[in-house]
Amino acid sequence: MADIPPDLTNARIAELFDELGDLYELDGAVVHRVLAYRNAAKAVRDASRSVATLTREGTVTSLPGIGKTLEEKLKALVDTGSIPALDRLRGTFPPGLIAMTRLPGLGPKRARKLYDELQIDSLEALAQAAQDERLRGVKGFGPKFEVAVLEAIAAGHGDERSRRIPLYRAMETAGPIVEALRAHPASDEVHIAGSARRMADSVKDLDIIATASDPRALLDAFAALPELESAGNPGDNAARGITHNGLSIDVRVVEPDQLGNLLQHFTGSKNHNTALRAAAVRKGLHVSEYGITDDATGQTHRCATEEEVYALLGLPWIPPELREDRGELQFTGEADVPQLITQADLKGDLHMHTIASDGRATITEMAIAARERGLSYIAITDHSASHGFGNDVSPDELRRQIQRVREADAAVEGITILAGTEVNILPNGSLDYADDLLAELDWVVASVHTAFNLDERAMTQRIVHALEHPHVHALGHPTGRKIEQRPAYAVDIDAVIEAAARTGTFLEINSAPDRRDLHDVHARAAVAAGVLLVIDSDAHGPEKLGLTSWGVGTARRAWVTPTQVANTRSWEELAALRKGAPDR
DNA sequence: GCCGTTTTCGGCCCGACTGTTTTCAGTCG
């Protein structure tokens, strides 16, 4: 069996399927065929295993949305490096045509029409034609479109898919706005909906659903908030604002008896709602944001709560984090809904930094802050000997740090302080402290901080080697990704999960809000493989210990229950589960 | 192109808005 090309990552394959969808759409394919490619792209992107490998194994059709035809295309891609249909379509339509379809108001149908009738094949040619007022000669296009298209191109639309911002940054901006709406005398209930409510990694914009005694007063108050750069009224009971840092916020005020319908609709996800509605149709029910219509009676039920919406469809209430059409619509009753972990379940935090490396506080300060948060143990895990940036902890310094931890543990009541390290995994998979020094520690988390650009095979070997080390208890931020900033390094995450399961090493969900690494799909695969997770703050100061809410959000999206997370246990119980523990 | 408590064919979520059009297709979320 020939090797799988190293650059054939799931992300790359998903891109190719998306491109095929775009091209088939331009080619005039029926909408459902196009949709099939988009669905397949999402399934590939979400797959926890290498789709190229699944293709080689002949099991790729087990993924939802991948059938015989797409399997054939995947086989061609894996075997030859290309998909014949994609090559053919690329030869038919200039790449600029796809950029044109990204413009607001210009979809594939209309872009194709301009290409066929005016031979417009790029944003530049489109702008020129609009400038020359030639677009209005085509049926369906008029002067308003010429103005709009020039504005859109000037604003940079069409250059790329619209950018998303990490959820934590959106919430930093939106938090005060939501607080202001909640505090307003005219407001009753104020809910954040959309991907923010689902605790997604990133958001495009923010949806707020509210009920109010005086909708107009609330919307006017919203529009007048100093956080907004501009605001408008797209409808009677809605407002849209754009914050100074470019976040778009939609507010809808609804009647209390429809709050459940609207909240459900605007929480999404799109895939969840589409699948939910398709299932409802089979029962003779039609779901929209305004209610649920019954074919048999013609009556529309309005729902004040989401519980009613789901109950009418024969489903238990589904936690927003699960609403991704990843199996949650198979629930038949409350008993099927996993008891998802909450931040209150965490009893300890096993990854944080102090002034010994790049943290801002002392051991004692961190311990007191953790105790105030209700934690019963923490591990001090400063960076190791070769970390660089002036923050390295030499072996001798680590010995002194262990002593300081023992002293602090004795001095601070009500919390156990553990001596640990975040040791670097060097490019060859070895660690940058000696084994006898690591053996003195209570807790060792190993992480990759250098040489991110190894190829997948080398990176996987590097990490698996570290997981096999007898003193390594957990793998820190396992893929190195930063949300909307830096992709994961090339690594076979299935092999990492397998090695973690085999060696009894925990995998971390790092809660730094720009990391949230492992991400949800991989975390779900890890617990399915029997791996225990740890959810850590990676705090660099006392005020950052609460960041574990982000890691918990990721864990909930991964269907994780408290027992699947090691640090929901007491330190005594957890210690006994560590690799190499005497009674393990 | 996928899929099955309408199972191997014939379906595939729903409604609002837009610019253009005299009744609507395409786009968007």
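Throughout, a chain's letter reflects where its sequence line sits, starting with A, and its residues are numbered from 1.
Side chains of Gln264(A) and Tyr310(A): a donor on one and an acceptor on the other come within 3.5 Å.
Residues forming a side-chain contact (heavy atoms from CB on, under 4.5 Å) with Arg197(A) (at least two apart in sequence, or on another chain): Leu263(A), Thr267(A), Glu306(A), Trp317(A), Pro320(A), Arg323(A). With sequence neighbours excluded, the residues satisfying side-chain contact (heavy atoms from CB on, under 4.5 Å) with Thr300(A) are Thr293(A). Annotation: side-chain contact (heavy atoms from CB on, under 4.5 Å) contacts of Gln343(A) (sequence neighbours excluded): Arg373(A), Thr548(A), Ser549(A), Val552(A). By the salt bridge (Lys or Arg N to Asp or Glu O under 4.0 Å) test, Glu484(A) pairs with no residue at all, sequence neighbours left out. By the salt bridge (Lys or Arg N to Asp or Glu O under 4.0 Å) test, Lys73(A) is found to be paired with no residue, residues two or more places apart in sequence or in another chain being considered. Applying the salt bridge (Lys or Arg N to Asp or Glu O under 4.0 Å) test to Glu146(A) and every residue at least two apart in sequence or in another chain returns Arg136(A).
Across dG10(B) and dA16(B), the matching C1' atoms stand 28 Å from one another, rounded to whole Å. Rounded to whole Å, the separation between the P atoms of dT18(B) and dC13(B) comes to 25 Å. Remark: the separation of the C1' atoms in dG15(B) and dC9(B) is 29 Å, to the nearest Å.
Near-neighbour residues of DNA chain B inside residues 143-150 of chain A, defined by a heavy atom below 4.0 Å, number-ordered: Pro143(A), Lys144(A), Phe145(A). Shown for residues 58-67 of chain A: residues whose heavy atoms fall under 4.0 angstrom of DNA chain B, namely Pro64(A), Gly65(A), Ile66(A), Gly67(A).
Note on Lys283(A): every side-chain N or O is 4.0 Å or more away from OP1 and OP2 of dT6(B).
Here the P atom of nucleotide dG1(B) and the CG atom of Asn39(A) are 14 Å apart, to the nearest Å. dG29(B) atom C1' lies 14 Å from atom CZ of Arg38(A), rounded to whole Å. Taking atom CG of residue Asn261(A) and atom P of nucleotide dA16(B), one finds them 13 Å apart after rounding to whole Å. The interatomic distance linking Leu23(A) (CG) with dG1(B) (C1') rounds to 16 Å, in whole Å.
Screening residues 76-87 of chain A for salt bridge (charged side-chain N to carboxylate O under 4.0 Å, His left out), with sequence neighbours left out, gives Arg56(A)-Asp79(A). Sequence neighbours left out, not one pair with a member in residues 184-223 of chain A passes ring pair (Phe, Tyr, Trp, His ring centres under 6.0 Å).
Residues Tyr290(A) and Arg302(A) are not in side-chain contact: their nearest non-hydrogen atoms beyond the backbone lie 4.5 Å or more apart. Put simply, the side chain of Ile483(A) reaches to within 4.5 Å of the side chain of Arg516(A), judged on heavy atoms.
Judged by the 6.0 Å and 45° rule, Arg110(A) forms a cation-pi pair with Phe145(A).
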Quick one, give me the B/S/- string for nucleotides 9-15 of chain B, reading 5' to 3', where B means a protein heavy atom under 4.0 Å from the base and S means that only happens at the primed atoms, P, OP1 or OP2. ---BBBS
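Asp18(A) pairs in a side chain to side chain donor-acceptor pair (under 3.5 Å) with only one of the listed residues (Arg45(A), Arg38(A), Lys42(A)), which is Arg45(A). The only member of Arg112(A), Gln119(A), Lys113(A) that meets side chain to side chain donor-acceptor pair (under 3.5 Å) when paired with Asp116(A) is Arg112(A).
Pairing for dT8(B) is absent, judged as Watson-Crick or G-U wobble with the two contacts each under 3.5 Å.
In terms of position along DNA chain B, the nucleotide closest to Tyr24(A) lies nearer the 5' end than the nucleotide closest to the other residue of the pair Phe266(A) and Tyr24(A).
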Pairs under 3.5 Å (N/O, protein and nucleotides 21-25 of chain B):
none

